[in-house]
Amino acid sequence: MDLLAAAGIGIVRDEPGWSACEQRKGVYAVPEIYEGFVDALLARGIRMNLLLSYGNKLYDNPVDAEAFARFAAWSAEHFKGRIDRYEIWNEPQNFTFKKVYWKKGDSDQGWVEKFIAFTHAADDAIRRVDPDAVVGVTGEDTPYLLQMMLAGGIARAHNAVAFHPYCHRQHRPEREYFLRDFGSEYRELARKHGGANRWCVTEAGWTTYAGKGEYWEVAGGYPRSSYLGQAACIVRMYLAALEAGCDYACQYDFRNDGLRASYTEHNFGLVHHDWTPKPSYAAVAFLTRHVGQMRYVCDLSSDKHAFRVAEFAPEAGKKDGTVLVLWSVEGACEWEVPASRGPWTECRDLFGNAIEPPVVSGRKLRLTECPIYLRFGRN
């Protein structure tokens, strides 16, 4: 909990699980350790996105829509006042749901329609208890399935659309779906079929992986990353999600799941399995401390597919200077700081270390894939 707070993490996505909360039909209880977890987050000013997920073998159909809706309603009642943000299921094509309604040779349309009805039932149940709750739907990491669900009307006007822009077979977040075109294609689909206009990244991650080729098979083509690469990509993902108008973004995940250096799934964390921080932890902590309390203005880049220049300004009434966060999407490029900006007062690297600005000549800077912070005015 203290590591989360020290890094300036603002929201955590987690779940106790349906089967852990309903171990006898109609009898619900949250495991005691999870109650303590939620309270400890609240004490540190960290919000919870409560994921309602996975099946329950108490029922002949482990994804029984009515039974799940009752569990969702009970969760909203139990956590009312402590949690106001819910997410219905996680990657249904990967976890339980598709397995129940799909067999080899079927199209995806059948089980997707079942999932849409399942989602609506749970969504309605939550809102009857807590009308102001923000309910996230889809939780998808597959672009064509997200499109199919949106076209089917899964995301109604009061919903947020949760999606997982994992960078399959390439590591740059700015090139992944939704973030690639700032959500224009998916926003239009949602507008036409349901009206949702809120979006959130509830999983995106880069694994610090030491294998040799195995990763294509064991983790669906996740790109392997150096420690520096993971740190740079996570910061870039947060900033790209901000520019795309997302409510928030969650990095997957906080702590390494295990100790096998050659296994992708064990190495997504911001901290190692023994809780010692990776460089990415320091990078996220500096991002939140340096610009987390500032107002995002816009991207000043003339070619957002080549490089980014994210501008942050102080909140009203504060006299701090503006900050630009600059990086190249791929390789290196150059950008000239407009003379109208005046002189910069400091330059810091990805981790907050004071550095000399990478000047090529005059006010022209050399940008790389590792973001830097340039401040103008008061520190």
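One-based numbering along the sequence shown. Computed from heavy atoms alone, side chains included, the values below leave out hydrogens, waters and symmetry copies.
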Check: Going by the side chain to side chain donor-acceptor pair (under 3.5 Å) test, which pairs reach into residues 292-310, not counting sequence neighbours?
Finding: Glu243-Arg308

Notebook entry, point to check: Does one hydrophobic cluster hold both Ile11 and Ile46, with members joined at side-chain heavy-atom distances below 4.5 Å?
Noted result: no

Next item on the list: Could you check Phe286 against Tyr373 for ring-ring contact (aromatic ring centres under 6.0 Å, His included), going step by step and ending with a plain yes or no?
Entry: CA-CA 10 Å; Phe286 183 67; Tyr373 298 79; 4.9 Å; yes

Margin query: Looking only at the side chains, is there a donor atom on one of Asn90 and Tyr54 sitting less than 3.5 Å from an acceptor on the other?
Written below: yes

Please list every donor-acceptor pair under 3.5 Å in which a side-chain atom of residues 321-330 meets a protein atom from a residue at least two apart or in another chain.
residue	atom	partner	partner atom	Å
Trp327	NE1	Glu174	OE2	2.7
Ser328	OG	Glu330	N	3.4
Ser328	OG	Glu330	O	3.1
Ser328	OG	Gly331	O	3.2
Glu330	OE1	Arg175	NH1	2.8
Glu330	OE1	Arg175	NH2	2.7

Next item on the list: Check side chain to side chain contact (heavy atoms under 4.5 Å, CB included) between Ala40 and all other residues, then give those that pass, not counting sequence neighbours.
Entry: Met1, Arg44

Notebook entry, point to check: What residues, two or more places apart in sequence or in another chain, satisfy side chain to side chain contact (heavy atoms under 4.5 Å, CB included) together with Pro338?
Noted result: Trp335, Ser340, Arg341

Next item on the list: Using side chain to side chain contact (heavy atoms under 4.5 Å, CB included) as the criterion, list what pairs up with Thr368, not counting sequence neighbours.
Entry: Arg366, Cys370

Checklist line | Residues that Glu356 engages under side chain to side chain contact (heavy atoms under 4.5 Å, CB included), provided they are two or more places apart | finding: none

Margin query: Ring centroids only, cut at 6.0 angstrom: are His78 and Tyr86 within range, meaning strictly under it?
Written below: no

Margin query: Check Asp130 with Lys80, please: is the shortest side-chain N to carboxylate O separation under 4.0 Å?
Written below: no

Check: Where does the angle between the aromatic ring planes of Phe68 and Phe118 fall among parallel (under 30°), tilted (30 to 60°) and perpendicular (over 60°)?
Finding: parallel

Next item on the list: Identify whether the distance between the nearest side-chain nitrogen and carboxylate oxygen of Asp124 and Arg156 falls below 4.0 Å.
Entry: yes

